[in-house]
There are 2 protein chains.
Amino acid sequence: MQKPTGAHALVRRTHEDRVLRALQANGAMSRGEIAAVVGLSRTTLSEITGNLLQRGAIIVVDTDAARRGGSGRPAERLALDPASAQFMGVDFGHRRVHVVVADASHEIMVSGSVRYHDTASWQTRTELALELVDRLSSQAGVRYGALQGIGIGVPGPYPAPEGLGRSHSAPGATILRPAPDGVDVAFAERFDAPVIVDNNTRLAALAEAITGAGSVADLLYVRLADGVGGGLVIGGQLVTGSTGLAGELGHVTVEPVGRPCRCGKRGCLETVASVPGILATCWEFGLRLDGPAALADAVARQHPVAERVLREAAAALGRVLGAATMTLNPAKVVIGGEIARLSPVLVEQVAATLAGELFPIAAAGPLVEAARLSDEDGALGALAAVFHNSPLLAKYPETADVKDRLDGSDPTPERAAHVRS
Amino acid sequence: MQKPTGAHALVRRTHEDRVLRALQANGAMSRGEIAAVVGLSRTTLSEITGNLLQRGAIIVVDTDAARRGGSGRPAERLALDPASAQFMGVDFGHRRVHVVVADASHEIMVSGSVRYHDTASWQTRTELALELVDRLSSQAGVRYGALQGIGIGVPGPYPAPEGLGRSHSAPGATILRPAPDGVDVAFAERFDAPVIVDNNTRLAALAEAITGAGSVADLLYVRLADGVGGGLVIGGQLVTGSTGLAGELGHVTVEPVGRPCRCGKRGCLETVASVPGILATCWEFGLRLDGPAALADAVARQHPVAERVLREAAAALGRVLGAATMTLNPAKVVIGGEIARLSPVLVEQVAATLAGELFPIAAAGPLVEAARLSDEDGALGALAAVFHNSPLLAKYPETADVKDRLDGSDPTPERAAHVRS
């Protein structure tokens with residue numbers, strides 16, 4: 001093949017970059033999907049992909065036969081050469097860290113988690129996470145020689161605004177955790193790769209927006225667990241806000257004279273729709289439950305107090321999400337966290353209350369769904385953030401030499417591993 | 001000057017494009033500001049601007065002496081050659097259309113408005129607007145030979161979602177106006193220029209976000225007038241929503257058993273904080289006012305009922321904006337429209353109520369301000385949308401021939417005109 005020179009080479013390179021970037025962001029795609037995303041004609045695209053295939057920069061992974069309905073010839077799906085890059089997603093929860101590593105074709109290579117106590121320091125958490133990464137590597141026979149980017153999810157507002165962090169001394173203010181200083185540096189130094197950090201509920205929102213068949217550009221996400229957190233995806237981008245506080249749906253006031261909240265306000269959504277909030281309300285109505293398991297049991301037995309408290313929490317959530325939906329007009333509203341998994345009644349009640357808050361026309365209403373992802377959502381969201389934001393590999397192979405450049409990445413399917421400590 | 005060729009020329013061209021695009025989006029800037037925005041070194045930038053100045057593509061408009069405080073040598077401010085392009089902003093309100101035309105350096109060349117009845121058809125409105133444009137042109141001796149883009153603001157949700165528009169027959173549903181079919185086509189054909197259309201309250205939000213010294217990337221805007229509308233700017237971009245309904249803060253429920261709203265719901269913010277809503281509440285408390293002028297008079301006289309009703313409307317607005325602020329974490333909240341101009345008490349009360357809805361830390365609180373712009377905000381926002389979104393002139397002058405290409409644009413300051421019919 002004659003090597004084009006000058007302006008023509010630059011233009012071809014720009015087209016190649018767009019194709020590679022689309023594959024990096026979206027994983028495997030058919031030529032038709034790529035052409036639509038990058039805005040090239042099918043003819044030009046075929047020339048570009050032919051060249052990339054020849055050089056081994058991309059590969060044919062499968063056809064879309066399994067996904068497409070109806071007749072017609074199945075289309076090949078292309079992806080970045082899996083061995084050309086690796087991406088890591090790390091999610092530090094209050095009580096465990098979850099790690100996933102994917103290859104350039106978005107296939108998960110290894111995945112696992114390790115628990116810690118919720119009082120563990122950031123140094124301890126970081127050390128446990130790095131040990132987990134090593135253990136996953138040795139168990140699966142995978143090395144991270146082509147790691148291109150690391151996404152890290154952390155609990156609490158990020159970037160931590162002034163007034164939060166170490167110096168904050170509000171009693172019991174557990175959302176106001178120390179900023180995880182050094183966790184990004186530790187990972188960047190260990191793997192010599194760029195690191196993105198964001199709030200893990202926000203990353204979960206991104207994961208819900210882009211995974212699966214029904215990916216949407218505008219999504220509102222709320223998670224009901226020990227606390228109530230939220231995240232917004234607008235125009236396909238995570239919204240951080242001017243001081244890192246966007247998405248704090250759990251601290252919208254729903255009862256002006258309600259219970260005190262750990263944030264210092266009173267009657268926040270979190271005081272009625274988190275696990276502790278629901279347990280406290282059950283207690284007020286004479287139903288004494290000693291934890292989430294007992295709550296799940298009471299809901300499963302259709303205990304009338306538990307059912308009513310759950311419905312009222314859902315109605316409060318529906319009003320908050322209704323106001324947010326009028327403001328943002330998202331295509332989808334997703335409810336995650338352990339409370340969302342207790343009963344389908346919750347999502348049904350949220351959807352019903354939310355509908356009453358909207359313009360009485362069909363176009364105003366978003367889909368309201370339970371989260372599709374579970375505990376892995378933060379880590380997958382961190383991965384997604386990296387796929388979308390990493391610079392394209394600076395030295396993408398001009399020739400089929402990528403395999404030589406990488407040491408130790410074993411391209412067989414058996415390398416996948418899943419560890420849970 | 002020797003003409004560079006090949007790859008070097010392409011790179012230089014790319015740098016030039018970034019500089020020209022920054023000037024198109026932001027108007028006059030110092031070299032330091034340009035370097036910061038486009039991410040070039042001062043040295044590279046000086047080379048680029050020197051070349052553009054020599055070719056007449058950009059000019060020195062003034063120095064920043066008037067704007068900067070303190071000492072130091074004033075910096076020259078550069079702008080696109082004013083005659084190289086023109087941009088038009090058109091705002092169709094319920095009762096008037098406002099037109100502004102600016103040159104490439106963002107100087108307003110002509111500006112004016114013409115009234116119509118609020119039942120006027122879109123055909124009539126469009127004809128009146130085009131007549132106004134002609135009248136402004138002939139009065140100021142300006143021709144629109146270099147018009148590069150037109151922004152048009154329209155009332156009501158845009159794009160009009162399914163279920164709105166002509167076929168909608170809800171009685172009294174004045175927000176559900178017909179989509180302004182053809183207005184974009186009429187302007188595009190008349191001026192042979194691309195047209196952007198958006199909701200005019202949203203465009204006003206963009207104008208508030210980017211005009212003046214304190215431009216912000218994240219802003220929440222609400223307008224209190226005959227209705228209550230809103231707009232969001234997030235990350236410097238207008239938010240449209242998945243079906244064109246984003247920003248409808250006026251239809252967030254504030255009183256579940258309140259007055260019926262024209263949208264079909266009950267107790268929307270609009271029923272308590274619009275002009276008709278405030279008049280109706282005053283009436284309920286025995287103060288009969290026959291219109292906005294009488295309301296303004298009662299407020300000026302500090303009538304206790306008018307003051308209390310205004311404060312309660314402001315408190316309701318503060319709660320809605322508080323929840324939206326918890327969700328979006330904007331840097332600024334702006335309140336516009338005729339109600340906002342009645343008394344400083346309104347903005348003060350909104351700010352106080354809003355503060356009570358936020359995390360009790362400084363970083364949570366946005367600036368809360370009355371709108372800086374007035375009736376011209378929609379047209380200026382339409383202009384801003386065009387400045388930001390128009391493709392860079394396809395045939396930007398390679399040599400100083402731009403003056404020859406344009407006919408009739410008189411580069412003297414006297415060309416400015418302002419007409420109000």
Side-chain angles (χ1 to χ4, degrees), chain A residues 5-7 9-11 157 160-164 168 170 175-176 216-220 230 232 234-235 237 239-253 256 263-265 268 319-320 322-332 356-366, chain B residues 5-7 9-11 157 160-164 168 170 175-176 216-220 230 232 234-235 237 239-253 256 263-265 268 319-320 322-332 356-366:
Chain A
T5 54
L10 256 185
V11 169
E162 266 181 70
L164 297 185
H168 196 92
I175 59 163
L176 308 177
V216 295
D218 300 293
L219 177 137
L220 201 48
L232 320 174
I234 296 181
Q237 298 290 315
V239 175
T240 303
S242 63
T243 58
L245 291 170
E248 290 288 356
L249 294 163
H251 299 276
V252 173
T253 307
C263 77
K265 293 170 58 191
C268 293
R319 289 190 293 275
V320 169
T325 295
M326 283 307 286
T327 307
L328 294 165
N329 186 214
K332 196 183 272 190
E357 301 288 316
L358 307 180
F359 285 136
I361 56 167
Chain B
T5 55
L10 256 183
V11 169
E162 268 180 68
L164 297 185
H168 196 91
I175 60 161
L176 308 178
V216 294
D218 301 294
L219 177 137
L220 201 49
L232 321 174
I234 295 181
Q237 298 289 316
V239 175
T240 303
S242 63
T243 58
L245 290 170
E248 290 289 356
L249 294 164
H251 299 276
V252 172
T253 306
C263 77
K265 292 170 60 191
C268 294
R319 288 190 294 274
V320 169
T325 296
M326 283 308 285
T327 307
L328 295 165
N329 185 216
K332 197 184 272 191
E357 302 287 315
L358 306 181
F359 284 136
I361 55 166

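Lettering of chains follows the sequences in order, A, B, ..., and the numbering in each one begins at 1.
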TODO: Given side chain to side chain contact (heavy atoms under 4.5 Å, CB included), test V320(B) with T327(A) step by step and report yes or no.
DONE: CA-CA 10 Å; V320(B) 169; T327(A) 307; 5.9 Å; no

Open item on the list: Quick check for you: among I234(A), T240(A), T253(A), which has the greatest number of heavy-atom pairs under 4.5 Å with chain B?
Closed with: T253(A)

Task: Choice from A323(A), G250(A), S242(A), A331(A) maximising heavy atom contacts with chain B below 4.5 Å - done: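 Of A323(A), G250(A), S242(A), A331(A), S242(A) has the most heavy-atom pairs under 4.5 Å with chain B.
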
Nearest non-hydrogen partners of [X] and [Y], listed with the distance:
X	Y	value
P360(A)	G264(B)	CG-CA, 4.2 Å
L358(A)	K265(B)	O-CD, 3.3 Å
A246(B)	L328(A)	CB-O, 3.7 Å

Task: Selection from V216(B), L220(B), L232(B), V239(B) maximising heavy-atom pairs under 4.5 Å formed with chain A - done: L232(B)

Task: Top contributor to chain A contacts, counting heavy-atom pairs under 4.5 Å, from A324(B), A217(B), P330(B) - done: P330(B)

Open item on the list: So, taking the atom named OG1 in T325(B) and the one named CG in L245(A), what distance separates them when rounded to the nearest 0.5 Å?
Closed with: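 Here the interatomic distance stands at 11.0 Å.
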
